[in-house]
Amino acid sequence: MRYSHPKLRRINHLISELDHMYHEAALSFKLTDSEFSILYTLCVEGDGCALNQLVQYVALPKQTVNSALRKLEEGKIITLTLNGKRKKNVNLTQLGQELCLKTVIKVIELENSIFLIWGEEKSDRYIEETREYNNLMQEGLNNICKSN
């Protein structure tokens, strides 16, 4: 029995394909998906990202992020530094920056090239449509979750 709209099925397949591509890239770099996501986020957001923001940006469970951060810290890829009394920043080490140049930066450059190929109008349309879909989805999920 099928409950979903055919286009929703296609969107879900496309999302899964893209997730799989990022997973395969992480594997090829000998990184876990969570390590890849953390390094990617540090490269996009800039070194010295606040830990609480990083957790929010990577959209992974806090425990998963903490485990990956511990492994990256043990590998001398990142350092965690205090920012005030209770907040921490995540910083790339020199080794971490070198690793990023060989891994996630290549992926980010590929993504940037796609947006250049698409041009401003198509890129903006993709962003706006995705944002609208996500907003409607979040609003609907909020309503579903409230009723349970």
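This chain uses plain numbering: 1 for the first residue, then up along the sequence.
Closest approach of T32 and A26 over heavy atoms only: O-CB, 4.0 Å. Of all heavy-atom pairs between E35 and K71, the closest is OE2-CD, 2.9 Å. In terms of heavy-atom proximity, N89 sits nearest to N83 at OD1-ND2, 3.6 Å.
Ion pair E109/K106 not flagged as a salt bridge, since none of the NZ, NE, NH1 or NH2 atoms sits closer than 4.0 Å to an Asp/Glu carboxylate oxygen.
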message: Set out, in order, the CA-CA distance, both residues' side-chain angles and the distance that settles side-chain contact (heavy atoms from CB on, under 4.5 Å) for L82 and K88, then state yes or no.
response: CA-CA 4 Å; L82 279 176; K88 289 185 179 179; 4.1 Å; yes
query: Where do E129 and E132 land on the side-chain contact (heavy atoms from CB on, under 4.5 Å) test, with the steps shown first?
result: CA-CA 5 Å; E129 298 292 341; E132 182 180 353; 4.1 Å; yes
task: Tell me, with the steps shown, if T81 and T79 meet side chain to side chain donor-acceptor pair (under 3.5 Å).
output: CA-CA 6 Å; T81 56; T79 58; 5.5 Å; no
message: Evaluate L42 against C100 for side-chain contact (heavy atoms from CB on, under 4.5 Å), listing each step before the verdict.
response: CA-CA 9 Å; L42 289 172; C100 286; 6.0 Å; no
query: Does the side-chain contact (heavy atoms from CB on, under 4.5 Å) test come out yes or no for V90 and L80, once each step is laid out?
result: CA-CA 5 Å; V90 183; L80 296 171; 3.5 Å; yes
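Within the 3.5 Å criterion, the main-chain N or O of L54 finds no donor-acceptor partner in the side chain of T41.
Screening residues 48-65 for side-chain hydrogen bond (donor to acceptor under 3.5 Å, both in side chains), with sequence neighbours left out, gives no hits.
Remark: M137 CE to N142 CG distance equals 11.0 Å, nearest 0.5 Å. Summarising the geometry, atom OG belonging to S37 is positioned 5.5 Å from atom CG belonging to L60; distances are rounded to the nearest 0.5 Å. Distance check: R70 CZ to I78 CD1 gives 10.5 Å after rounding to the nearest 0.5 Å. Atoms CD and NZ, from E98 and K102 in turn, are 6.5 Å apart once rounded to the nearest 0.5 Å. From L39, atom CG reaches atom CG of L92 across 6.5 Å, with rounding to the nearest 0.5 Å. The CD atom of Q138 lies 8.5 Å from the CG atom of N134; values are rounded to the nearest 0.5 Å.
Using a 30° and 60° split on the angle between ring planes, H20 and H23 fall in the tilted class, from 30° to 60°. Taking the six-membered ring for Trp and thresholds of 30 and 60 degrees, Y22 and Y40 have ring planes more than 60 degrees apart, a perpendicular arrangement.
The cluster map of Ile, Leu, Val, Met, Phe, Trp and Tyr, joined by side-chain heavy atoms under 4.5 Å apart, puts Y126 and Y133 in different clusters. Residues F29 and M21 share a hydrophobic cluster, clusters being chains of Ile/Leu/Val/Met/Phe/Trp/Tyr side chains in contact below 4.5 Å. In this structure, V107 is not a member of the same hydrophobic cluster as I117, with clusters built from ILVMFWY side-chain heavy atoms closer than 4.5 Å. I127 is not connected to L14 by any chain of hydrophobic side-chain contacts under 4.5 Å among Ile, Leu, Val, Met, Phe, Trp and Tyr, and they are in different clusters. Tracing side-chain contacts under 4.5 Å through hydrophobic residues (I, L, V, M, F, W, Y), one reaches L69 starting from L95; they form part of the same cluster.
Heavy atoms of other residues, nucleotides or ligands lying less than 6.0 angstrom from CD of E121 number 12 at most.
When side chains are defined from C-beta on, S34 does not count as touching V58, because their heavy atoms never get closer than 4.5 Å.
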